[in-house]
2 protein chains.
Amino acid sequence: MGDMDLQIARQSATLRTQVEDKLRQAISSGRFKPGQRLVERELCESIGVGRTSIREALRQLEAEGLITSYPHRGPVVSTITYEEAAQLYSVRALLESYAGKEFAENGTAQDIHTLNEAVAEFAEAAASGGGSRLIKAKTAFYDCLMQGSGNVFVKQMLTSLHNRVTLLRMTSMTQPGRLNHSVEEIKEIAAAITDRNGAKAAAACKYHIDMAAKVALDYLRKTSENDGD
Amino acid sequence: MGDMDLQIARQSATLRTQVEDKLRQAISSGRFKPGQRLVERELCESIGVGRTSIREALRQLEAEGLITSYPHRGPVVSTITYEEAAQLYSVRALLESYAGKEFAENGTAQDIHTLNEAVAEFAEAAASGGGSRLIKAKTAFYDCLMQGSGNVFVKQMLTSLHNRVTLLRMTSMTQPGRLNHSVEEIKEIAAAITDRNGAKAAAACKYHIDMAAKVALDYLRKTSENDGD
DNA sequence: GACAACCCGATTGTCTGACAAAAGCGAAGA
DNA sequence: TCTTCGCTTTTGTCAGACAATCGGGTTGTC
C-alpha cells in the first residue's frame, strides 16, 4: 500500500519474458552457478518451452551480462574476477551516490515517504531475521532509491549492476555483524534524503557501498586464496 | 599502427552478430528513424537471413535500449524525450568524468600514448573536414578513453550511452562553431590525463559533455517547439 | 609411454514451414 | 456518429531439419 506496483502481475507478458525471469532468478538464487554451462536442450526440457523462447531469452541475459556466450560453445553463467568485482562496486558507488544526491535534491515528497517506509520495513525485517523478507525489503529500498533519482538510465544501469552482484553469490549481508551496520547506513541515507541534503546523501550512499565492497572483496580474497581460482 | 585491433576481422563471428552490427549501424546512421516500426519480414528480405537471426539480434538491441518492443506489435526504433536526453547527458558526464579521472590516475603510459595519437588524428580530421573520418576519429578517442579507465562496466555502459545518443540524430558536432570548441575540449582532457591530474581530467570531461549537452538540448528544445512532438 | 593425428558424438547456429493469438483496420449495422 | 464484427497482417512460438563446429576419446606412430 502506498507503493503498490501498478503492473498487476503482467501474466500475459510474452512467454519469452517469463523465461527471462525464470533464468534470472535461477542465476540470482545460485541454482545456476557461475561458470556453469547452460545447454539449450536441458533448459527446454526443464522449463518446458521451445528453443526459440529459450534462445531469445538467453540473448537478453547475455546483453545484461548475466551470462556469457562463446560462439559454437553456448552460454555459461558469467563469472566475475576479483578485479571486476572491485570495478563493479566502484561504479555502483558512483551511480548510487548520484542517485542519492538527485533524490535528495529533486525527489518528490511522495518518493521520500515511500523511501522511509521501505527503510522501516527493512529494519523490521532485519530485526525479525526473515531471510526472504530481508531480500524483498532491500530490493524495495533500492527500487525506491533508483526511482527517486528520476533518471531512467541510472535506474537501468543500477538494476543491471545489482543483478550482477548476485554472481558473487554472497549477499555481503550474510557476514556476521554486517547486517546491523547495513541498517544504520541505510537509515543514514534516508535521513539525508529526507533532509534534502544532497551532498550528505551522496556521501552516505558512497559509504554504504564502500563498506559492502570492503566486506565482499575481503571475503573474495580470502576464499580465492584457498580456492585457487 | 601502434593501435591495430588484434581481432583480425572476426569474419567468422556468428551470423546473428553481423545482423546486430548491421541494424545498429542502420539506426546510428539514421536510416532507420526513431519511432519507425521494424517489421520482421522486411528485415529478413533486406538483410537476407532467416527470422531466427533477426529476432535474436533484435533482442540484443532491445536490451541495449536502441529499440523498444511492444508485445504483439513488434519493435520500433526507440525515441528519446527531451527529459531523457537531459538525463542521458547527465549520466554520461558522470561516467566519463570518472573514466577520465581513473585514466589519469591509473592508466598505462601506453594508453596515454594511444590517447594522444587519437586526439591528434581527431584534430586533423576536424581541420580537413572529413565527415566519416571525423566520426571514426571521435569513436577511436572514446574507445581509448573508456579502455584507459580500466573499468569494464564503465566501458560497457558508456558504449551503450554513446549508441543511444545517436537516437537524437544530431551529432552536436554539426552545430556551427561547435567542432572547434570540441577539439579544444578534447585536447584539454588529453592534456590533463597526460599530466596525471585526475581532478582536472574529470573536470575537463564533465565540461566537455556539459557543453555538448547544452548544444544538443538547446537544439532539441528549438525543434520540438516547431515539431509539436 | 608420450605425443600427434584423426574421427565421432554432442551441441550450436540457422533455415523452413506451420499455426494460434493478438493488434489494427475497415466495413457493416444500430 | 458510434459501436460491433470480422478480416488481414504480424507477432510469438513450436517442431523438425541440417551443416558447421567443438571437445574428447581413440588410434597410430615414434
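Lettering of chains follows the sequences in order, A, B, ..., and the numbering in each one begins at 1.
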### Of all pairs that satisfy side-chain hydrogen bond (donor to acceptor under 3.5 Å, both in side chains), the ones with a partner from residues 44-54 of chain A, not counting sequence neighbours
A:E40-A:R51
### Task
Round to a whole Å and report the spacing from CD1 of A:I47 to P of D:dC14.
11 Å
Any residue meeting side chain to side chain contact (heavy atoms under 4.5 Å, CB included) with [X], in chain and number order, not counting sequence neighbours:
| X | answer |
| --- | --- |
| B:I112 | B:F103, B:N116, B:I193, B:T194, B:R196 |
| B:D218 | B:K214, B:R221 |
| B:T139 | B:I135, B:D143 |
| B:T79 | B:P34 |

### Message
Please encode protein proximity along nucleotides 8-14 of chain C as a string of B, S and -, counting only heavy-atom distances under 4.0 Å.
### Response
---SBBB
